[in-house]
Protein chains: 2
Amino acid sequence: MKTLSSAVEDYLKAIFEIQGEEGQGRVSTSALAERLGVARASVTGMLKKLSAMDPQLVRYERYHGAKLTPAGEKIALEVIRHHRLIECYLMEALGYSWDEVHLEADRLEHVISEEFEDRIADMLGHPDIDPHGHPIPDRDGTVRELEGIPLTQLRVGQQAYISRVSDHDPALLRYLDQLGLTLHVKIEVIERGPFDGPLHVRLISSDAVHALGRQVTDHIIVSERVSERRKRL
Amino acid sequence: MKTLSSAVEDYLKAIFEIQGEEGQGRVSTSALAERLGVARASVTGMLKKLSAMDPQLVRYERYHGAKLTPAGEKIALEVIRHHRLIECYLMEALGYSWDEVHLEADRLEHVISEEFEDRIADMLGHPDIDPHGHPIPDRDGTVRELEGIPLTQLRVGQQAYISRVSDHDPALLRYLDQLGLTLHVKIEVIERGPFDGPLHVRLISSDAVHALGRQVTDHIIVSERVSERRKRL
DNA sequence: CTCTAAAATTAGTCGTGCCTAAAATTACCG
DNA sequence: CGGTAATTTTAGGCACGACTAATTTTAGAG
């Protein structure tokens with residue numbers, strides 16, 4: 001297993017994440033370009049390269065997007081495991097807040113050794129999920145897919161637990177933190193404004209009610225069951 | 001202050017370290033090439049680039065080597081501070097041994113944020129020296145230069161404390177650890193073989209005597225005074 | 001089924017940091 | 001002081017990963 005560049009790791013991670021979000025189909029050049037902040041043409045070039053590597057990391061068909069091979073997916077999952085363990089570690093051991101960890105982890109994920117990974121995983125008690133509720137793959141690349149639906153889709157009167165929050169926007173995370181909308185909190189939808197209007201959400205524990213816009217509720221995943229244990233024994 | 005590449009940081013660090021080791025003169029192209037493991041011609045190219053940057057990072061004269069400018073030295077010291085703090089952190093917080101920390105730190109030093117640096121420095125109590133006895137620069141770039149001489153130069157009968165050990169060779173560090181020749185240990189030179197022969201060294205605490213070759217004694221720095229406090233308040 | 005807009009690819013460049021081989025310069029020795 | 005060996009620089013190239021501009025392909029509307 002030779003060393004891959006950060007760029008390659010970033011592409012594989014992005015393909016994996018987009019595959020997960022938008023069904024299981026192929027990932028388009030544009031979607032990748034957008035997520036990675038590079039020009040479409042750059043993506044085309046990299047996809048050709050990734051599909052020509054030995055072992056082949058993506059299956060790529062001209063004009064029809066790409067899809068990870070098992071080898072590519074394995075690497076993506078290793079990078080994601082690094083990322084999420086580092087996020088946990090930064091919070092637990094170094095006192096970072098949940099809006100600060102993502103950027104730091106994005107840089108560290110490419111340079112830590114397996115040794116480092118093992119040590120922080122041990123120290124943390126092998127957590128299942130990261131600070132935003134995303135599952136942490138096993139060393140062997142197994143991910144438990146979590147159920148849940150966007151808060152946006154919850155009906156008035158329904159209650160649920162916050163089980164996952166998108167980690168890409170620090171400002172959103174700080175906002176949620178202020179409102180008390182943190183992981184594992186139980187909420188109820190009180191009212192929904194017309195024409196995609198704000199969703200009024202009540203925190204069960206404090207009775208506080210907040211009106212949330214679509215930009216917010218789309219990025220919160222809720223589940224009727226309380227999240228499973230946060231750490232394995 | 002824009003972001004510099006790892007390569008640039010590595011060059012500046014190497015120039016600083018060689019300047020420190022070999023008097024205060026200019027650093028030769030070959031010395032740099034050797035330390036960095038690249039071809040001489042590559043060094044020439046990089047030195048030209050570094051001396052053309054704004055702000056200028058090295059003063060470079062064709063055929064006569066290079067020397068850090070204050071701006072270059074500042075950056076070198078930041079990288080070295082990162083490196084040494086990370087080494088401390090890996091030992092104290094993650095249970096690494098002193099032969100394992102160097103490689104990991106060499107990768108991490110380029111990607112951690114100031115935030116990360118501050119947090120580990122706080123957590124460690126702002127240590128003065130790294131696990132091999134090298135001084136850790138202040139945030140503002142001040143380094144306390146430590147006194148001491150190579151163990152090789154100690155005379156028979158002289159006693160001294162081990163104050164610093166070269167960190168580049170993990171095998172050497174493991175070897176010393178096995179013999180009990182760790183930092184701050186007091187030793188006495190018992191005998192010196194003829195023709196640059198082995199140096200017989202006694203550990204004051206245990207009375208154990210070991211014969212050490214030149215390859216070893218050259219890389220151990222000793223001091224007659226016990227090392228200063230290891231952590232600042 | 002054709003026409004067009006959107007998406008994707010090709011073609012051509014650029015900056016970075018490395019390489020080798022050849023030429024230039026320095027430094028040292030007699 | 002001249003000649004040679006060691007050091008260093010120049011010249012030319014390569015891989016990588018990004019870019020823009022121009023072209024091709026696809027997909028969707030009528």
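First the proteins, then the strands, lettered A, B, ... as listed; each starts at 1.
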Looking at the side chain of A/Lys49, which of C/dC18, D/dC16, D/dC19 is the nearest nucleotide?
D/dC16
Under 3.5 Å, is there a donor-acceptor pair between the B/Glu87 and B/His83 side chains?
yes
Whole Å only: how far is the CD atom of B/Glu34 from the P atom of D/dT7?
11 Å
Specify the closest pair of heavy atoms between A/Val101 and A/Trp98, including all atoms of both residues, with the distance to one decimal.
CG2-O, 3.7 Å
Atom CG of B/Leu4 and atom P of C/dT16: how far apart are they, to the nearest Å?
12 Å
Heavy-atom donor-acceptor pair, A/Arg192 side chain to A/Thr152 backbone, under 3.5 Å:
yes
Taking only the side-chain nitrogens and oxygens of A/Ser42, find out if one of them lies under 4.0 Å from OP1 or OP2 of D/dG17.
no
Out of C/dC19, C/dT9, C/dG17, which has the shortest distance to the side chain of B/Val8?
C/dG17
Considering only NZ, NE, NH1 and NH2 on the basic side and carboxylate oxygens on the acidic side, decide whether B/Lys74 and B/Asp140 come within less than 4.0 Å.
no
Side chain of A/Tyr63 (C-beta onward), nearest among D/dC16, D/dT26, D/dT10
D/dT26
How long is the line joining CG of A/Leu47 and C1' of D/dA18, in whole Å?
14 Å
Measure from CE on B/Met53 to P on C/dG15 and round the result to the nearest Å.
15 Å
So what does B/Thr29 touch, heavy atoms closer than 4.0 Å: a base, only the sugar-phosphate, or nothing?
sugar-phosphate
For A/Ser5 and D/dC16, is the shortest distance between a side-chain N/O and OP1 or OP2 below 4.0 Å?
no
Would you say C/dT16 has OP1 or OP2 under 4.0 Å from some side-chain N or O of B/Tyr11?
no
Just the rounded figure in Å: distance from C1' of D/dT7 to CZ of B/Arg26.
16 Å
Do NZ/NE/NH1/NH2 and the carboxylate oxygens of A/Glu109 and A/Lys13 come within less than 4.0 Å?
yes
Can you tell me the distance, in whole Å, between the OH atom of B/Tyr60 and the C1' atom of D/dT10?
10 Å
Just checking B/Arg62: base, sugar-phosphate only, or nothing, at a heavy-atom cut-off of under 4.0 Å?
sugar-phosphate
Which one, C/dT26, D/dT7, C/dA21, comes nearest to the side chain of B/Arg40?
D/dT7
Nearest to the side chain of A/Lys48 - C/dT10, C/dT16, D/dT26?
C/dT10
Would you say D/dT10 has OP1 or OP2 under 4.0 Å from some side-chain N or O of B/Thr44?
no
Of A/His64 and A/Ala7, the one whose nearest nucleotide on DNA chain D sits closer to the 5' end is A/Ala7
Looking only at side-chain atoms of B/Met46, point me to the closest of C/dT10, D/dA18, C/dC18.
C/dC18
